[in-house]
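See below for the structure under consideration.
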Protein chains: 2
Amino acid sequence: MNLAKIQAVIARRFDKLSMHGIGFNDFLILYLLQQSPGEKLRRADLSEKVGLTASGITRMLLPMEKMGLIKREAHEWDARVSYVVLTAAGRQIYEDAKYTANAIAKEIIPVENLKNNQPVAELFKLLGGTIV
Amino acid sequence: MNLAKIQAVIARRFDKLSMHGIGFNDFLILYLLQQSPGEKLRRADLSEKVGLTASGITRMLLPMEKMGLIKREAHEWDARVSYVVLTAAGRQIYEDAKYTANAIAKEIIPVENLKNNQPVAELFKLLGGTIV
DNA sequence: GCATAATCATTGATTAGTCAAGTATATGTC
DNA sequence: GACATATACTTGACTAATCAATGATTATGC
């Protein structure tokens, strides 16, 4: 009864991100948005990527929206979907936080797995299949 | 963001335990008690074993106590500690649920790891280091 | 073209857990 | 033997998530 521990331990390492005013989950969202075409994702897709339910996503994004890290955008023709879009402020925070996050990820990932110079990407990929 | 998924997936498989009126966590508690000397454990030790905080344990055990699966027992000389003891009813439920749980565990564990004929024990041991 | 079904997002109610503080008891030191 | 500190547990306040229900919109079958 607690695999969540692993996730908690990793997430805790990322507590340093608070120096940028965001947490692990926020960073993950920004990361996913930033690497998506148009820096946007449908809420349904986002929920699928992070492994939360739709309502979980709604609730997780609320404060990020208030902070101005992300904003809403309507789908071109499907009125049911609402895109989550990275704002300029969000992109800026992400760019700043990236360095911190990479440093943390470098402490976690075994060096031999560090092929390209993108520790966070590698970490998320490693956890990937199961996590992100 | 979700290693908890693994745990959730496994726990969900154990939903069948509801036919015995208990859930995965309840079964885990019963399991741990049943294999402890005197069928009892200090709350602190239990919390350590399942990876919850002390308060988490207090809250998890409350309904089980109401259902009469477990009961309290004072420590012989240390008035701070309170043992969690398996009741006769609890043992009975455990014995019944064990068969269901073993069947489920057998579906999850790779056959080559099934040495002795105690799938649940093996499963918990496999998850062990990190989980139980 | 209309009825029915499916999809997307939000909301209220609930659950499972955390942390911080509090209570009670034990232990070590002087 | 009294005080400081540590340990065991409980409680209140809070957080993060779930589910079930709902509203809105789009897709499908006939």
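Chain identifiers are assigned alphabetically (A, B, ...) following the order of the sequence lines, protein sequences preceding nucleic acid strands; residue numbering begins at 1 within each chain. Given the structure is predicted, the values throughout are model-derived calculations rather than measurements.
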End-to-end axis angle, where each axis spans five pairs of the helix from C:dG1-D:dC30 to C:dC30-D:dG1, to 10°: 30°

Which residues share a side chain to side chain donor-acceptor pair (under 3.5 Å) with [X], sequence neighbours left out:
{"X": "B:Q35", "result": "B:Y31"}
{"X": "A:R91", "result": "A:E39"}
{"X": "A:S55", "result": "A:T53"}

In residues 100-109 of chain A, what donor-acceptor pairs under 3.5 Å come from side-chain atoms, sequence neighbours left out?
from   : atom 1 : to     : atom 2 : distance (Å)
A:T100 : OG1    : A:H20  : NE2    : 2.5
A:N102 : OD1    : A:V120 : N      : 3.0
A:N102 : ND2    : A:K98  : O      : 3.4
A:E107 : OE1    : A:R13  : NH1    : 3.3

Any pair counted as salt bridge (Lys or Arg N to Asp or Glu O under 4.0 Å), so long as it reaches residues 18-30 of chain A, sequence neighbours left out: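 Of all non-adjacent pairs touching residues 18-30 of chain A, none passes salt bridge (Lys or Arg N to Asp or Glu O under 4.0 Å).
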
[X] has an atom [atom1]; how far is it from atom [atom2] of [N], in whole Å?
{"X": "A:E48", "N": "C:dC8", "atom1": "CD", "atom2": "P", "value": "11 Å"}
{"X": "A:L52", "N": "D:dA16", "atom1": "CG", "atom2": "C1'", "value": "9 Å"}
{"X": "B:E65", "N": "D:dT10", "atom1": "CD", "atom2": "P", "value": "8 Å"}
{"X": "B:D15", "N": "D:dT18", "atom1": "CG", "atom2": "C1'", "value": "13 Å"}
{"X": "B:H75", "N": "D:dA8", "atom1": "NE2", "atom2": "P", "value": "10 Å"}
{"X": "B:Y83", "N": "D:dT7", "atom1": "OH", "atom2": "P", "value": "18 Å"}
{"X": "B:L46", "N": "D:dT7", "atom1": "CG", "atom2": "P", "value": "20 Å"}

Mutual orientation of the aromatic rings belonging to B:F14 and B:F24 [parallel < 30°, tilted 30-60°, perpendicular > 60°]: tilted

Side-chain donor/acceptor of A:S36 to backbone N/O of A:L41, under 3.5 Å: no

Sugar-phosphate only, base, or nothing, as touched by B:T58 at under 4.0 Å among non-hydrogen atoms: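 It contacts base atoms.
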
5′-ward residue of the pair A:W77/A:A54 relative to DNA chain D: A:A54

Given DNA chain D, 5'-ward residue of the pair A:G56 and A:D78, judged by closest heavy atom: A:G56

Members besides A:Y99 in its Ile/Leu/Val/Met/Phe/Trp/Tyr cluster (side-chain heavy atoms under 4.5 Å): none

Apart from A:V85 itself, residues in the same hydrophobic cluster as defined by side-chain heavy atoms under 4.5 Å: A:Y83

Closest to side chain of A:V81, choosing from D:dT10, C:dC8, D:dT18: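 Of the candidates, C:dC8 comes closest.
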
Any residue meeting salt bridge (Lys or Arg N to Asp or Glu O under 4.0 Å) with A:D15, in chain and number order, not counting sequence neighbours: none

Listed partners of B:D96 passing salt bridge (Lys or Arg N to Asp or Glu O under 4.0 Å), at least two apart: none

Distances for protein N/O vs nucleotides 19-24 of chain C N/O pairs under 3.5 angstrom?
from   : atom 1 : to    : atom 2 : distance (Å)
C:dC19 : N4     : B:S55 : OG     : 3.2

Sorted by number, the residues of residues 33-45 of chain A with heavy-atom contact under 4.0 Å to DNA chain C: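 Per residue number, the list reads A:R42, A:R43, A:A44.
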
